[in-house]
Amino acid sequence: MSYEKIPYKTFLAESETPETWFNLKAFMRDGHEPFLNPATGKPSTEEELETVFCKECVKQELNCKDAEIEIPGGIKSFYRTFRPSPLVRAYFLEKVLDTPAQIYYKFEGSNTSGSHKLNSAVAQAYYAKQQGLTSITTETGAGQWGTALSMAAAFYGLELDVFMVKASARQKPYRKEVIRTFGARVAESPSDTTEAGRKILREYPETGGSLGCAISEAVEKAIKTPKCKYVLGSVLDHVLLHQSVIGVESKTALDKYGVYPDIIIGCAGGGSNLGGLIAPYMAERLQGKNKTEFIAVEPASCPSLTRGKYAYDYCDSAKITPLAKMYTLGCGFTPSPDHAGGLRYHGMSPIISKLYDGGYIRAVAAEQTKVFGAAVKFAKCEGILPAPESSHAIYAAIEEALKCRLTGEKKVILFGLTGTGYFDLAAYKQYNDGTLTDYIPSEKDLEKSLNSIPAQKKTQ
Ligand SMILES: *Cc1c(COP(=O)(O)O)cnc(C)c1O
């Protein structure tokens with residue numbers, strides 16, 4: 001089929017949407033290093049993980065065997081309200097860039113939460129309800145995850161406590177109101193409602209908080225509340241599993257036209273949208289069936305892949321979670337307050353970390369002024385106001401398309417457009433006013449947080 005025949009937007013029919021999630025781990029030899037219980041230094045057991053997380057999510061977390069995992073009917077019916085998401089051929093961007101490359105993006109921002117996060121929020125709330133729980137807790141940084149989970153909690157009838165990073169809550173007061181409107185309680189983190197929060201407030205009374213700290217508070221609250229578990233919106237394997245609907249839908253749509261991506265690009269905070277988008281294509285790569293290039297784009301101000309260490313570290317700053325082997329800046333990392341673009345987590349998904357370490361993924365760190373420049377260029381021709389997080393992927397896609405202009409190569413580029421930026425207008429204002437600045441941590445800045453990575457035991 002000639003490329004001109006490919007429609008601007010492709011929506012799959014309901015009958016073409018995935019019946020199963022795609023478990024990339026089933027294709028990774030030996031999976032990745034297990035979570036460790038920091039007290040014993042031994043791999044965390046299913047029972048230990050179940051003290052914090054829902055049973056079914058733990059099962060999925062530890063499943064390295066099944067390539068496909070059925071999406072329950074109760075989840076599919078909610079998916080129907082906002083999926084399938086469109087796959088768009090960026091004809092207008094291609095024209096502006098004057099590139100022979102073909103650019104596609106999978107747009108996950110057309111639901112009310114405004115991002116891909118809803119894909120996992122639905123699944124995790126559903127499993128919590130199935131297990132007979134009455135409430136769940138979580139953290140949120142930029143607020144998309146808290147919003148998505150508040151929608152899912154409302155749909156399935158669960159109470160929800162959201163610990164929102166204080167700096168973000170102040171930057172985005174209306175995000176907080178959306179979450180409250182869907183019926184969840186929001187506490188600014190660090191809060192005085194948990195031991196972890198009070199401890200950090202005593203040490204750093206002025207702190208704007210961090211995701212690591214908010215996670216500590218949410219986990220503590222879940223452990224201390226009956227019939228309550230903690231849910232996490234990124235990083236973990238089961239979250240990447242739920243996000244595989246992005247990749248599976250993309251592949252189904254592109255296969256219809258006989259199109260196969262040469263380059264797949266995703267922004268990387270904790271790694272969930274990237275892991276979901278690349279899943280079916282990375283599986284083929286691991287089987288030697290393609291030469292597709294995979295690119296993770298992270299902020300230069302929070303560069304866990306490009307400047308972090310591949311080591312066992314805590315997932316939170318109060319060190320109450322299990323240890324995960326991942327690329328990390330250290331669980332004591334606090335992002336610069338000048339950083340506007342999300343993607344602030346100190347660590348990276350163990351799956352993405354393992355693939356990056358194995359040379360299957362390339363990582364790019366982008367400064368935020370360049371990222372916003374790419375966002376504006378994209379918005380003007382494609383008509384979508386992108387989230388700053390998503391704009392990291394746009395930035396790299398444009399760079400790759402411009403390389404093709406030089407070489408004349410007609411590469412197929414697919415990137416994940418994870419969300420919209422309507423709650424990021426304070427950051428857009430700074431960009432428009434010319435006051436947005438770039439912060440690249442010095443070696444010395446990073447050294448301090450890298451030193452918060454616990455000593456690695458010999459057995460690891
Ligand atoms: C949370 C978020 C991200 C980053 O999270 P990942 O787990 O790395 O996917 C990217 N884009 C948007 C819009 C988000 O809300």
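If you're wondering where the values come from, they're calculated on a predicted model, not measured in any experiment.
Qualifying side-chain contact (heavy atoms from CB on, under 4.5 Å) partners for R362, counting only residues two or more places apart in sequence or in other chains: E293, I295, V364, E400, K403. For the side-chain contact (heavy atoms from CB on, under 4.5 Å) test, residues two or more places apart in sequence or in another chain that qualify with D433 are K429, T435. Scored by the side-chain contact (heavy atoms from CB on, under 4.5 Å) test, P386 finds A375, F378, A379, S391, I394, L417, Y428 as partners (sequence neighbours excluded). Every residue was checked against the salt bridge (Lys or Arg N to Asp or Glu O under 4.0 Å) condition with R285, not counting sequence neighbours, and none meets it.
A salt bridge links E443 with R307: the distance from a Lys NZ or Arg NE/NH1/NH2 to an Asp or Glu carboxylate oxygen falls below 4.0 Å. Looking at D262 and K291, no side-chain N of the basic residue comes within less than 4.0 Å of a carboxylate O on the acidic one, giving no salt bridge.
The aromatic rings of Y156 and Y126 stand perpendicular to each other, their planes meeting at an angle above 60°, with 30° marking the opposite boundary.
Residue pairs meeting the ring-ring contact (aromatic ring centres under 6.0 Å, His included) criterion with at least one partner in residues 265-285, sequence neighbours excluded, are Y260-Y281. Sorted by first and then second residue, the ring-ring contact (aromatic ring centres under 6.0 Å, His included) pairs involving residues 385-418 (not counting sequence neighbours) are Y105-F415.
The only option from K410, R405, K411, E409 that meets the side-chain hydrogen bond (donor to acceptor under 3.5 Å, both in side chains) definition with T407 turns out to be E409.
Two residues are said to be in side-chain contact when any heavy atoms from C-beta on lie closer than 4.5 Å; Y127 and F53 fail this criterion.
For the pair R89 and Y104, the distance from NZ or CZ to the six-membered ring centre is under 6.0 Å and the angle to the ring normal is within 45 degrees.
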